Every structure is written in C-alpha cells, then in structure tokens.
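Following: one structure in structure tokens, then a few remarks.
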Amino acid sequence: MNFHVLTLFPDMIIDGLNTSITGRAIKNGCLSVEAVNIRDYANNKHMKVDDYPYGGGAGLVMQAAPVCAAYDSLVQKIGKKPRVVYMTPQGYTFNQKMAQDFAKEDDLVILCGHYEGIDERALERIVTDYVSIGDYVLTGGELPAMVVIDTVSRLVPGVLHNSESAETESFENGLLEYPQYTRPEVFEGKKVPDVLLSGHHANVEKWRLEKSIERTKKYRPDLYEEYCRKQSGT
Ligand code: 6GU
C-alpha cells in the first residue's frame, strides 16, 4: 500500500514512520510513504503558502493554489483519482472500522493542514474523507496522519509478522485487551496469576475474557453497554 502525504512538514512524517514496524514494512516493500512538500508547489518567489483569513480572525489560512497543485501532480503520478483524507478536528472521529476501509486502497492521499486550516475551495475540490483523531486540538495534521498511517499499515498483508498478529486485539471483539505478563514469574513480590502458568488453555481464555470485560466496564462503559447488548442478542 502506498501512502502519499501532502504536508508543509515532510520530515515529521518520514522521520516518524521510518522506525519500528512501519519502518521495517517500508524497507521490505510492503508499504511506501511519500511526503510531498506543499511549499514546493508555491507559485510565487517567496514560496508563500498561507495568508490572512478573509473576514478577519487569528492566524493564517493555507492557500488553495499550492495544495491543489501538489494534489494534481500526485494524480498525474498515480494515474487515477485517489481517496484523499483531510486530517481536521472538524471531521468524523477515526476508528478501527475506518482503518479497515482505508486498508482496501492501493494509494491513499493524506492532506495535513496547519495554522487555521486550508482554504475551503481546495478542500471542496480534492477531499473525499474528513477525519479527526479525537476531541482535542493539535497544532497540525501531521501527528494525526501518522496515527492513521500506523493504524492502517498493521492491517496491510505482510506488515505484521505472525507473532504480531492483528487478530484478537482490542476492538476486534468490541472489548479492551486483557493484561499481559512475561518473565520473571515474580517481580517486586508480585506473582503472575496462577492460571497463566497452569497450561490449561480453556481456563486461560476464560480468565482473559473476564479481565477484558472488567476493564471495558471500568474504562469504556460505552463499549461495555454495546457488548452486553450484543451478548443478550438485542
Ligand atoms: Cl486531524 N488535526 C488537528 N489539528 N487537531 C486534531 C485532529 C486533527 N484530530 C484531533 N485533533
């Protein structure tokens, strides 16, 4: 899968993703991440890409022309009209289901705004999906873009090794993950739960499900309610 990120801060994207599992997947060819610097498409000698908002107000707005020019050159290169995800607090909240949908694409363009956002006319021309990563405000779309790329990447065949399997994790069954333990058996006087050392697979699964339910009830009552509704078949 190929990610194409339109941004004023390409180093953030490249440096952020060339590490760990995404870095490995880029090196072995399962993924590619290209960061296109919108400033390279500025049509003036000062390379200016933003200006004051019409109607007044704080901050600067990214201009339509360089954003559209960067997009047009990508469309040329890809050879078809890709899906374009605009990272903005004014969008649908990102979730695992959206990640699964994005993972079906061969090419995904992610547009990152900065300052007070991007001229609406550019967005109307190119954006297909408006996506937020939660109810808080960041300085720009680069970190959210990395969140989306990381989440989608682990659903792309070959990115995870068997031992990192994408199954049976939080949200696959609508519950939060159960607690994990590794060696040593005793750490600062605290012992690993006996059931995990018992070798009794069915009991281990039962314990994990109980812990998952307990955690979900405490930290995500919304998901717990949904789980109970599904269990009762209504
Ligand atoms: Cl996608 N962008 C910005 N700037 N802030 C956010 C966000 C996106 N999602 C949550 N907060």
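From a predicted model like this one, the values you see are computed outputs, not experimental measurements. We count ligands from 1, going down the list as the structure has it; atoms in each ligand are counted the same way.
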salt_bridge([X], [Y]) N-O dist < 4.0 Å:
{"X": "Arg229", "Y": "Glu226", "result": "yes"}
{"X": "Lys206", "Y": "Glu210", "result": "yes"}
{"X": "Arg24", "Y": "Glu164", "result": "yes"}

Which pairs with one or both residues in residues 2-52 pass ring-ring contact (aromatic ring centres under 6.0 Å, His included), sequence neighbours excluded?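 Sorted pair list: Phe9-His114.
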Is there a donor in the side chain of Asn2 and an acceptor in the side chain of Ser32, or the other way round, less than 3.5 Å apart?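 There is such a pair between these side chains.
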Do any nitrogen or oxygen atoms of ligand 1 lie under 3.5 Å from a protein nitrogen or oxygen, and which ones?
| unit_1 | atom_1 | unit_2 | atom_2 | d |
| --- | --- | --- | --- | --- |
| ligand 1 | 4 (N) | Leu138 | O | 3.1 |
| ligand 1 | 5 (N) | Leu138 | N | 3.1 |
| ligand 1 | 9 (N) | Ser132 | OG | 3.3 |
| ligand 1 | 9 (N) | Ile133 | N | 2.9 |
| ligand 1 | 11 (N) | Tyr136 | O | 2.5 |

Can you tell me how the ring of Tyr130 sits relative to the ring of Tyr86, calling it parallel under 30°, perpendicular over 60° and tilted otherwise?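 If you compare the ring of Tyr130 with that of Tyr86, the planes turn out perpendicular.
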